[in-house]
Amino acid sequence: MRLAIIRGYVTSTVKHPSFNGARLLIAQMVDQEDKIDGSPQVVIDPIGVGLHEKVILCSDGSWARTYLKDPKSPCRWWVMGIVDEVAAKGAVA
Amino acid sequence: MRLATVIGRVTLSERHPSLKGERLLVALPWGPKTAETGKDHDYSIVVYDQLGAGVGQTIGVCESTEATRPFEKPTPVDAYCAALIDTVFFQAEEPKRA
């Protein structure tokens, strides 16, 4: 699981059929102090998060395939939860 | 899935027997700043494509073991073009409220 901030979304007409109807958001990976930490990923959003919200991403492709109801889906990253507070090294970020 | 810009094609003369009629793209995955600047891509990767992406197009690339899921038989693929991206909306920072 990784911390990320939702920074946008994409639209796509021609795509793997398993993504039909899924919300595709751009999530920027961040560290515990909200600094950029890795390339942005396009993720599916089963819970409904808003723009610029801090979230936890999960890379469990198995659950993504269950959610999309397609065992052949190449989907890997999905939004697992919305972050309230991150405390690291004795400080709240 | 990572966003990437297609910059070319690859063709093979000898191939792994599980690959037949493959279409391979060379693509530059987007880094943290690419959506804003159009520059600063990551290092190029080769992507297996079944959707027919063209040079210059933005695609969504699924990587690692999930890239092999769409195939009937076990296929050695670690980057799969899962979507042709029409529009990208990106805001690097939350706008300040007045």
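Order of the sequence lines sets the chain letters (A, B, ...), proteins ahead of strands, with each chain counted from 1.
Only the side chain of A/Phe19 comes within less than 4.5 Å of a heavy atom in chain B; its backbone stays farther off. For chain B, no part of A/Ile6 is nearby; none of its heavy atoms comes within less than 4.5 Å. Contacts of B/Ala53 with chain A are absent, with no heavy-atom separation under 4.5 Å from either backbone or side chain. Of the two parts of B/Thr34, neither the backbone nor the side chain holds a non-hydrogen atom closer than 4.5 Å to a non-hydrogen atom of chain A. In this structure, the portion of A/Leu24 lying under 4.5 Å from any heavy atom of chain B is its side chain and not its backbone.
Note on B/Phe71 and B/Val61: separate hydrophobic clusters, where clusters join Ile, Leu, Val, Met, Phe, Trp and Tyr whose side-chain heavy atoms are under 4.5 Å apart, directly or indirectly. A single hydrophobic cluster is not seen to contain both A/Val42 and A/Leu57; linkage of ILVMFWY side chains at heavy-atom distances under 4.5 Å, directly or through other members, places them apart. A/Ile5 and A/Ile47 are not part of a single hydrophobic cluster, where members link through side-chain heavy atoms under 4.5 Å apart. A single hydrophobic cluster is not seen to contain both A/Val14 and B/Tyr48; linkage of ILVMFWY side chains at heavy-atom distances under 4.5 Å, directly or through other members, places them apart. Grouping the Ile, Leu, Val, Met, Phe, Trp and Tyr side chains by contacts below 4.5 angstrom, directly or via other members, places B/Leu19 apart from B/Ile45.
Looking at every heavy atom in both residues, B/Arg2 comes nearest to A/Pro40 through CG-O, 3.6 Å.
One distance of note links CD1 of A/Ile44 with CE of B/Met1; it measures 9.0 Å at 0.5 Å rounding. If you take OG1 on A/Thr13 and CG on B/Leu84, they are separated by 8.5 Å, rounding to the nearest 0.5 Å. Rounding to the nearest 0.5 Å gives a distance of 9.0 Å between SG of B/Cys62 and CD of A/Gln41. For the atom pair NE2 of A/His16 and OH of B/Tyr80, the computed distance is 4.5 Å after rounding to the nearest 0.5 Å. Expressed to the nearest 0.5 Å, how far CG of A/Leu51 lies from CZ of B/Phe90 amounts to 10.0 Å. Going from atom CD of B/Glu66 over to atom OG of A/Ser59 covers 7.5 Å, rounded to the nearest 0.5 Å.
Of the residues considered (B/Thr58, B/Ile59, B/Val88), B/Val88 shows the highest number of contacts with chain A, using heavy-atom pairs under 4.5 Å. Among B/Cys81, B/Ala67, B/Ser64, the residue with the largest count of heavy-atom pairs under 4.5 Å with chain A is B/Ser64. Of all the listed residues (A/Met29, A/Lys72, A/Gln28, A/Lys15), the one sharing the greatest number of non-hydrogen pairs under 4.5 Å with chain B is A/Lys72.
Counting only heavy atoms from C-beta outward, the side chains of B/Asp42 and A/Ser39 approach each other to under 4.5 Å. Taking 4.5 Å as the limit, every side-chain heavy atom of A/Thr11 sits out of range of all side-chain heavy atoms of B/Ile85.
The residues B/Glu93 and A/Arg7 are annotated as not salt-bridged, no charged nitrogen and carboxylate oxygen being separated by less than 4.0 angstrom.
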Walk me through whether B/Glu63 and A/Arg76 qualify under side chain to side chain contact (heavy atoms under 4.5 Å, CB included). CA-CA 8 Å; B/Glu63 286 170 295; A/Arg76 177 178 174 87; over 6 Å; no
Going through the checks in order, is the side chain to side chain contact (heavy atoms under 4.5 Å, CB included) test met by B/Thr87 and A/Val10? CA-CA 6 Å; B/Thr87 61; A/Val10 300; over 6 Å; no
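B/Arg69 and A/Ser73 form no side-chain donor-acceptor contact under 3.5 Å, judged by distance and modelled atom types alone.
For A/Asp70, the CG atom sits in a packed shell: over 12 heavy atoms of surrounding residues, nucleotides or ligands are nearer than 6.0 Å.
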